[in-house]
Student: 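This is the structure I have questions about; it appears just below.
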Amino acid sequence: MKRRTVKLGLALALVFAAIPARPVFAQGDPAALKPGRDPKQAIDEEYTKKIKEYTTEPFFLSPLVDYMPASKTVPTPTATLGDIAGAPTKLPYSKEVYEYMRLLAKSSPRVKVFSIGTTEEGREMIAVAVASEALIAKLDVNKAALAKLADPRTINFNDAEADKIAATAAPVYYITGTIHSTEAGAPTALMELAYRLAVDESPYIKNIRDHVITLITPIVEVDGRDRTVDLFNWHVKHPNEVAPSLVYWGHYVAHDNNRDAMGMTLKLTQNVLNTYVGWKATVLHDLHESEAFLYDNTIGDGPYNAWLDPLLTNEWQMIGWNNVQEMTRFGMPGVYAHGDFDTWSPGYLMFIAATHNGISRLYETFGNGGTAETVDRTLSPAETERTWFKQNPPIPHVKWSLRNNNNYEQTGLLVSLAYVANNRHLFLENFYEKSKRSIMKPKVEGPAAYVFSANDPRLGSQADLLRVLQKQAVEISRATAPFSVTMPVKRAAGGGGRSGRGAGAPEGGAPTTETREFPAGSYIVRMDQPYSRIADALLDYQYWSPNDPQKTPYDDTGWTFPEGFDVQVARVTDVKVLDAPMQRVTGEITAPGGVAGSGPVYAINGNGDNALATLRYRLKDADFQATEDAFDAAGAHFNRGSFIVRNVPSADLDKAAKELGIKVTALAAAPSVKMHPARAARIAILHTWSGTQTEGWWREAFDQLQIPYTYISTQDVAKDANLNAKYDVIVFPPAGGSGQSIIDGMPMWRNPMPWKNSPETPNIGTWAQTDDVRPGLGYTGLENLQNFVKRGGVMIGATNTADFTIQFGLANGVSSNGARRGEVVGTLLRTRMVDETSPIAYGVSDNLAVYSNSGESFGVSASRGGRGGGGGRFGGGGTARATGRGTQDDADQVQGFPQLDPQFLAPPRTPVQPWQYAPVTEDQLRNPLNIIPPDQRPRVILRYADQRDLLVSGLLDGGADIAQRPAVVDSPMEKGHVVLFAMNPVYRGETIGSYFLVFNTIMNFDNLNAGRKVDAR
Ligand SMILES: [Zn+2]
């Protein structure tokens, strides 16, 4: 840790040294504009008095917020709140916040409110623009000017013209509040900030208003905000009871809503991105509240994301350190700019700006965890120690109020707005220059383009990935004729990388480049476009060195989208690719689909595209059969697991297939290949009341693909002794916590904690309710689950819920194996196919990349309680010999004893691989109590790759604990099955390529034994 600190310190000194050398643009003398009220403007005495009353110490105030300017025409937040912003009794609902913002807009020509979309639950999101009357009147003109800087192609890269625009245009500074629902202070802070910016006549504020357009989305996670206020109000009405925690924030996920800026699956991310890009904003500043007292974590810590322009990372330092400096000058303690947070993953909301040529910023201020009340807070020594970057640290024991929080948020924002106002010419120049450098990418650092071949076997997944790029505002073109490019020769062995990974030096004197042909219809993502950086960051590989001084990555270390989506993408550095005949794509990209040929039977190739599952459910009443072998028909090849569809009107099938991008071939007769029904199984998605975040991504995926399910809790399972009557498959996505905590739930002492829609809590959804969140699955629930499986049901578990099934006897012969801490941190790992005849594997590629949070894997055994094959040190029947004389393959020799007669030597063992179980021995069969009957033994579908091929993207330190071990296992139990995933196959909209393992399990739930080879004994 020490080494890292020293290194960063030096880096910082260099940055500081560089700053004065930059040209300073003369724009009056901004330094002369001292913060503080204009004595000529009256203040709102009552409001000002309350600010001082609710602020717990004078040093938690600043000259920017220690008074409230008065206006005869514009109402303060009191008009809506009934008290001032940051009062200890009030957290406003979104409706109240919007009402106030619209009141402001009505009473001031300096404010305008825009609707920017809705949430998953239909609540509105808004953006509030505040600037001088003159700027507000010419928003469109200003936007047109900014658009030229955002896309230098439109002015033919004319630097002189850009400079002229930068000298006169007003940058847009976009502020977003309360994406994290338990971090509840921003809405009131932003209401008051909007008022101040509109009303205050002090030169400091006027300077901001005249030169910067402040754009505010006061609430990002609106669904979660309204539920937070519900819970706070419940707490106020039930002061002596324990309140339930916020089980659901948004409709799908909790704090992971701030990890969606890659996959773009959530409405809030899409709405903010469209606003940011649409306004051609320069800054996106996201407000959080989990550190004392103000941590500008934009600067954070290394490693920084490798695809960003260094011009940006230097801007972080400039704005951030100015921020720390000015607030320190005000005497406010605990303002700093380094700390825990590496800037590697581009998944955070603020990163929308970083990957779209703007400036990303993030504050952690201090919050009280979703209450408006003033609370005594004691900080840990780690939070309050003085370090080189925290010379004026937070103080150890404080009374902390919502008002304090609002003071810090507003002061930091005003200081930053003033800095951007004063340096607007510089920041707009940089905005232009970063945009220009993004367009220059092909000729400077490369690559020139990414190419998606029209020959990809998974065109549906390809379209899914291209649509993510479209949501990211990336331009996509399509080849109108075949073309070829020069590519580096791929490494011969192993890998199976999909984006030219491992394109190192080939062996011997072989050529280092080759020509690759792409057919017409291939998609090309050109890198000579303004938003090339986000495409490059998503499509490229990530390498996090095990030796990186940063030992605690803040989030995932790898995300390579082509791998996660299982789509072939070529990273092309040959600039000739840009001359290929192509057209810009307009409109949403879909895969080609529809019925071709004629005949009463339809064949659909099983290629693992998720739309196949959508089709199965859309045509619920049609007869779908899955083929147990590959076949050829009508001149085409069909994989094992292809669909044969009957009893459906051709027009219906054609319509659905066109919409979903699925190619259907009509045949005169069904092929003569073994097949079994692929049913539209009745699905339950099971959740606990303790952790609903990670399972939310599964619901999101099922909803997106229109795969219907019933959403049930562990408490519902406890009450239902006949689950088979309702469901065929129970999907239990990762829920967090131990197996025992799934059984136990929460402590039953104190009061019941309802999570229920009621007049007191009107925003809690009716889609998941309980009178008391505390009880868990219980042992009755466990028995119900066991019976469900024994009677023929299928249960799916992943990571901790897979461990739960192992721990509680639902998965005979399977054990779980955790990797060494830090070995894997949100990494993409390579798998290998073990049993392609299993229906779970239908259409799934060998070499599939999967997302592993921390390197979990399984072991399998033919005996109950066994620890698996060759992997474990003393594993049942491993082939590794004990320490002794000779080489690894030699026999040991006891000293002082004659060479053993061959009759005393064990018969040679069959080698057992880490993904296999050892064959049952004669010894074991003599009294086979614990020997699992052959048809009930675990069946391994996928395993992790060999250690040298294991890493796809991100951090892998070693990997010996993971390599070759089972990753997906089908464990029969009497008539049913438990299917276990060591990794998370459905995650953040980033693992489209592994979803189908889950859908296969569902559609083949009553035929999972297809293709199974049962042991002889
Ligand atoms: Zn947060």
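Order of listing sets the numbers, starting from 1, for every ligand and every atom in it. Quick note: residue numbers are just sequence positions, from 1. Please read all numbers here as calculations on a predicted model, not as lab measurements.
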Student: Taking backbone and side chain together, does E289 place any N/O/S atom at a distance below 2.8 Å from the Zn ion (ligand 1)?
Tutor: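 No.
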
Student: If you draw the axis of the six-membered ring of Y93, does the NZ or CZ of R225 fall within 45° of it and under 6.0 Å from the ring centre?
Tutor: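 Pair R225/Y93 does not count as cation-pi.
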
Student: Can you see which heavy atom on L246 is nearest to which on S181, and at what distance?
Tutor: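 Looking at all heavy atoms of both residues, the shortest contact is CD2-CB, 3.5 Å.
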
Student: What are the two closest non-hydrogen atoms of M746 and V773, and how far apart are they?
Tutor: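 For M746 versus V773, the nearest heavy atoms are CE-O, 3.6 Å.
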
Student: Rounded to the nearest 10 degrees, what's the angle OE2 of E183 makes with ND1 of H288 at the Zn ion (ligand 1)? Could you check?
Tutor: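 That angle is 150°.
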
Student: So does H180 have any N/O/S atom less than 2.8 Å away from the Zn ion (ligand 1)?
Tutor: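 Yes, within the cut-off.
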
Student: For A473 and V277, which heavy atoms make the closest approach, and how far apart are they?
Tutor: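 Here A473 and V277 meet closest at CB-CG1, 4.2 Å.
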
